[in-house]
Every structure is written in C-alpha cells, then in structure tokens.
Amino acid sequence: MTLKKRLILAKIGLDGHDNGIRIVAKWLVDAGYEVVYAGLYNTPEGIVRMAIEEDAAAIGVSFLGGEHLFYARKLVELLDESGMAAVKLVMGGVIPPMDVGELNRIGVHAVFTPGTRREALLERLAAVLS
C-alpha cells in the first residue's frame, strides 16, 4: 500500500488572491495527494508549524505581490531551524522568470508560474517528492 503524500498549501501575508492555489489544490487531490489547505493570511512560522504537525512532505505557497524572495528565505530558514529541511518547498503565482534561479538557489524545489499546465505541474511535483 502506497501512502499519499501530504502537502500544505497556503497564502502568506495580506495577499487575498487564492483562485490559482485553489485550482492547484483540486488538481493535487484528484491526482491522489492529501492536501491541507491553510487558506489566506498565514505567517511563515504558522505554515512551518503546520507542516510539522501534519508531517507534510511539502509546502506549497502562492504569491501575487512580489514578496516571494523574502518569504522563500524565511521559510527555508525556519524549516532548517526546525529540523525539517527534508520538507520540500514549492512556489507558484506571479513570479518573474528572472527570479526563478534565485528561488532555486535559496532552496525552493520547484516554481510554477501562470499558465503552468496541470500535467506539467503534477510531473514536476512527483519528481520533487520522489
């Protein structure tokens, strides 16, 4: 019996645009993942705490307002401090292509930008979690 991978999906800060992350959550559930949707207005500390409590394999966060680099650094730092560096971090949303390399250097395992197709997202996520 294969256990489902559990993922935390969340929005950080005051960004209230959650259409994209809700669609992704549905795609993931349909593909057999267990999704814990933390909703809007989370803090990095709260998301990492939830990942620990839920024994999550990955955290997925979505951004619209340009704060992705700041929060990527903060999430990676908190995961490391919590002994949870094995938890994979993925990001999506309106992220400029020129920031993707920097996000990868920070420790983000996958970045999904607008227009990412369902199949591509699922294939990349499966590779990250394998």
Side-chain angles (χ1 to χ4, degrees):
M1 175 182 198
T2 303
L3 296 176
K4 293 181 183 178
K5 299 281 186 175
R6 183 176 296 157
L7 295 89
I8 307 295
L9 294 185
K11 298 287 288 187
I12 297 179
L14 300 176
D15 179 0
H17 297 85
D18 65 345
N19 288 347
I21 199 167
R22 286 177 179 265
I23 291 167
V24 169
K26 175 75 168 109
W27 289 352
L28 294 172
V29 169
D30 289 349
Y33 290 95
E34 184 177 342
V35 175
V36 178
Y37 180 58
L40 303 170
Y41 314 121
N42 292 281
T43 64
E45 293 82 3
I47 292 169
V48 170
R49 186 172 41 254
M50 182 179 288
I52 293 167
E53 291 169 358
E54 295 289 342
D55 192 27
I59 294 171
V61 288
S62 172
F63 295 99
L64 177 68
E67 63 281 348
H68 48 277
L69 291 170
F70 172 81
Y71 283 120
R73 289 183 185 96
K74 185 66 175 172
L75 286 164
V76 169
E77 175 186 315
L78 290 169
L79 286 167
D80 287 345
E81 289 174 359
S82 301
M84 298 295 289
V87 173
K88 308 299 185 190
L89 179 60
V90 299
M91 292 188 165
V94 181
I95 297 173
M98 65 186 175
D99 288 350
V100 173
E102 180 63 16
L103 288 168
N104 293 145
R105 282 187 286 284
I106 291 167
V108 177
H109 295 87
V111 178
F112 303 102
T113 55
T116 299
R117 301 184 69 72
R118 179 184 185 275
E119 297 76 19
L121 183 141
L122 294 174
E123 286 177 16
R124 179 70 181 118
L125 189 59
V128 165
L129 295 175
S130 64

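Both backbone and side-chain heavy atoms feed into the values below; hydrogens, waters and symmetry mates do not. Please read these numbers as outputs of a predicted model, since none were measured by experiment.
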Quiz item: Which distance, rounded to the nearest 0.5 Å, do you find between the CD1 of I12 and the CZ of F63?
Solution: 4.0 Å
Practice problem: State, to 0.1 Å, how close V128 and A110 come at their nearest heavy-atom pair, and which atoms those are. | Solution: CG2-CB, 4.1 Å
Only distances under 3.5 Å count here; give the side-chain donor-acceptor pairs of residues 72-101 to other protein atoms, sequence neighbours excluded, each with its distance to 0.1 Å.
residue, atom, partner, partner atom, Å
R73, NH1, L69, O, 3.4
R73, NH2, E102, OE2, 3.3
S82, OG, L78, O, 2.8
D99, OD2, H68, NE2, 2.7

Practice problem: Identify the two heavy atoms, one from I8 and one from A56, that lie closest to each other, and give their separation to 0.1 Å. | Solution: CG1-CB, 3.6 Å
Practice problem: Search all heavy atoms of A51 against all heavy atoms of I59 and return the closest pair with its distance. | Solution: CB-CD1, 3.8 Å
Practice problem: Compare all side-chain heavy atoms of L28 with those of L122 and state whether any distance is below 4.5 angstrom. | Solution: yes
Practice problem: Kindly state each residue pair satisfying side chain to side chain donor-acceptor pair (under 3.5 Å) with at least one member in residues 112-130, sequence neighbours excluded. | Solution: none
Quiz item: Linking I/L/V/M/F/W/Y whenever their side-chain heavy atoms sit closer than 4.5 Å, directly or via other members, would V61 and V24 fall into one cluster?
Solution: no
Self-check item: Pairs meeting criterion side chain to side chain donor-acceptor pair (under 3.5 Å) with involvement of residues 31-54, two or more places apart
Solution: R6-E34, D18-Y37
Quiz item: Which atom names give the shortest non-hydrogen contact between S62 and I21, and what distance separates them?
Solution: CB-CD1, 3.9 Å
Self-check item: Co-membership, hydrophobic cluster, residues I106 and F112, 4.5 Å side-chain
Solution: no
Practice problem: Take W27 and L121, measure what side-chain contact (heavy atoms from CB on, under 4.5 Å) needs, and give me the verdict at the end. | Solution: CA-CA 9 Å; W27 289 352; L121 183 141; 4.3 Å; yes
Practice problem: Specify the closest pair of heavy atoms between K26 and D30, including all atoms of both residues, with the distance to one decimal. | Solution: NZ-OD1, 2.7 Å
Self-check item: V111 with F70, same ILVMFWY side-chain cluster at under 4.5 Å
Solution: yes
Quiz item: Counting only N and O atoms by type, is there a donor-acceptor contact under 3.5 Å from the side chain of K11 to the main-chain atoms of H17?
Solution: yes
Self-check item: Heavy-atom pair with the smallest gap, counting every atom of A10 and I47
Solution: CB-CD1, 3.6 Å
Practice problem: Find out if a path of hydrophobic residues (ILVMFWY) with successive side-chain heavy-atom gaps under 4.5 Å connects L40 to Y71. | Solution: no
